[in-house]
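Ligands are counted one by one from 1 in listed order, and the atoms in each one are counted from 1 as well.
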Amino acid sequence: MTEAKGTALITGASSGIGAIYADRLARQGYDLILVARSADKLDQAARTIGDATGRSVDTIAADLADPADLRRIEARLTNDRSITLLVNNAGTGSTAKALDAAVDTMSKMVSLNVEALMRLTYAALPAFVARGHGTIVNIASIVAVAPELLNGTYGGTKAFVLAFSQNLQYELEGTGVHVQVVLPGATATDFWEVAGTPVDHLPGEIVMRADDLVDAALIGLARGERVTIPSLHDVARWDAFEADRQTMAGELSTSTPGARYRADEEVLS
Ligand code: NAP
């Protein structure tokens, strides 16, 4: 029997990356609360995982872009002291260019990818910090640092997830609460169909299997990684990028403009 680890609440657990997290975390010894809109898929996943692992698997059908549904999940996170791990995975994307994108679809994406993730994190944190123990896994995307690749609103939502997570890592230092942000590259899930470009339209060499992605992310988590980019082979690239960003951060606020902006005679005349 695997050691019990408390309960993991996983959003977007009805398919793709979230469904794999559900399977793997149950096998690691977590009880589960699975959240998504599709009640039937959640119930099926709960039966399969419960039978295979013997863990308790609860499901909550909720549209996280709907404020009332979101508040229900927040309340569960606030009140259920068994929860030790939150996986903020639910999200949608788009491959539409700005001029072709439907703004209401973009707004809904922001509600799900940004607002729901932020509110669920805020709901979970107080109990985690009070207990001195807890984990939050936020699923971002490589478009957080490569916004030219897909729809700009989608890239913006994932840049939020990265920045929000990095701030929390800084603020929560020493509390015992760990925040991991995962940046998947293209992964073979329904995401692409929903986003407007079926995954088989992508070159196979850039697409990872969802189980490989999640298994790699969980190895990163077990090692205490803060930022995990499973598809980046040379991690020195990220380390250099991040070190440069942190060094530059100390130079970004000064009392005078850079010399290149001092008025010269050419501009004044
Ligand atoms: P997916 O198979 O389409 O899964 C998305 C999950 O989110 C489903 O369980 C879906 O379930 C749920 N969901 C969608 N809208 C929801 C809503 N309004 N309320 C609650 N749940 C909702 O795609 P995936 O690839 O596994 O995506 C998971 C995460 O990975 C997303 O955050 C995505 O941005 C990120 N990601 C994916 C890729 C990729 O290439 N696949 C790359 C980078 C990052 P219901 O439809 O049942 O609600």
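Looking at S141 next to ligand 1, no N or O pair under 3.5 Å apart turns up. For P184, no nitrogen or oxygen atom sits less than 3.5 Å from a nitrogen or oxygen atom of ligand 1, counting backbone and side chain alike. In terms of polar-atom proximity, G12 is counted as a contact of ligand 1, with an N or O under 3.5 Å from an N or O of the ligand. Every N/O-N/O distance between T92 and ligand 1 stays at or above 3.5 Å. Of the polar atoms of I142, none of the N or O atoms is found under 3.5 Å from an N or O of ligand 1, judged by distance alone.
Among residues two or more places apart in sequence or in another chain, the side chain to side chain contact (heavy atoms under 4.5 Å, CB included) test is passed with T95 by L150, W192, A195, T197.
With a 4.0 Å heavy-atom cut-off, ligand 1 is reached by no atom of A210. Only the side chain of L112 comes within 4.0 Å of ligand 1, judged by heavy-atom distances. With a heavy-atom cut-off of 4.0 Å, K41 does not touch ligand 1 at all. Here A116 has no heavy atoms under 4.0 Å from ligand 1, in either its backbone or its side chain. Residue A13 touches ligand 1 through its backbone alone, judged by heavy-atom distances below 4.0 Å.
In terms of modelled atom types and a separation under 3.5 Å, the side chain of T11 and the main chain of A90 share a donor-acceptor contact. Proximity of a side-chain donor or acceptor of S111 to a complementary backbone N or O of S107 within less than 3.5 Å is detected. Although no hydrogens or angles enter the test, the distance criterion places no donor-acceptor pair under 3.5 Å between the side chain of N138 and the main chain of V181. Judged by distance alone, with hydrogens and angles left aside, the side-chain atoms of D212 form no donor-acceptor pair with the main-chain N or O of M208 at under 3.5 Å. Although no hydrogens or angles enter the test, the distance criterion places a donor-acceptor pair under 3.5 Å between the side chain of T189 and the main chain of F191.
Nearest protein heavy-atom contact of atom 35 (C) of ligand 1 is I139 CG2, 3.8 Å. Residue, atom and distance of the protein heavy atom nearest to atom 24 (P) of ligand 1 are T189 OG1, 3.4 Å. Annotation: atom 11 (O) of ligand 1 to nearest protein heavy atom, S14 OG, 2.8 Å. The nearest protein atom to atom 3 (O) of ligand 1, hydrogens excluded, is given as F191 N, 3.3 Å; this is a heavy-atom distance.
By heavy-atom distance, the residue among A186, G185, A39, S231 lying nearest atom 42 (C) of ligand 1 is G185.
At least one heavy atom of K158 lies less than 4.0 angstrom from ligand 1.
Taking a cutoff of 4.0 Å between a charged side-chain nitrogen and a carboxylate oxygen, D104 and K108 do not qualify as a salt bridge. Look at E173 and R226 and you find a salt bridge, because one of the NZ, NE, NH1 or NH2 atoms lies within 4.0 Å of a carboxylate O, short of that distance.
Side chains of R27 and I49 form no contact here, defined as non-hydrogen atoms less than 4.5 Å apart.
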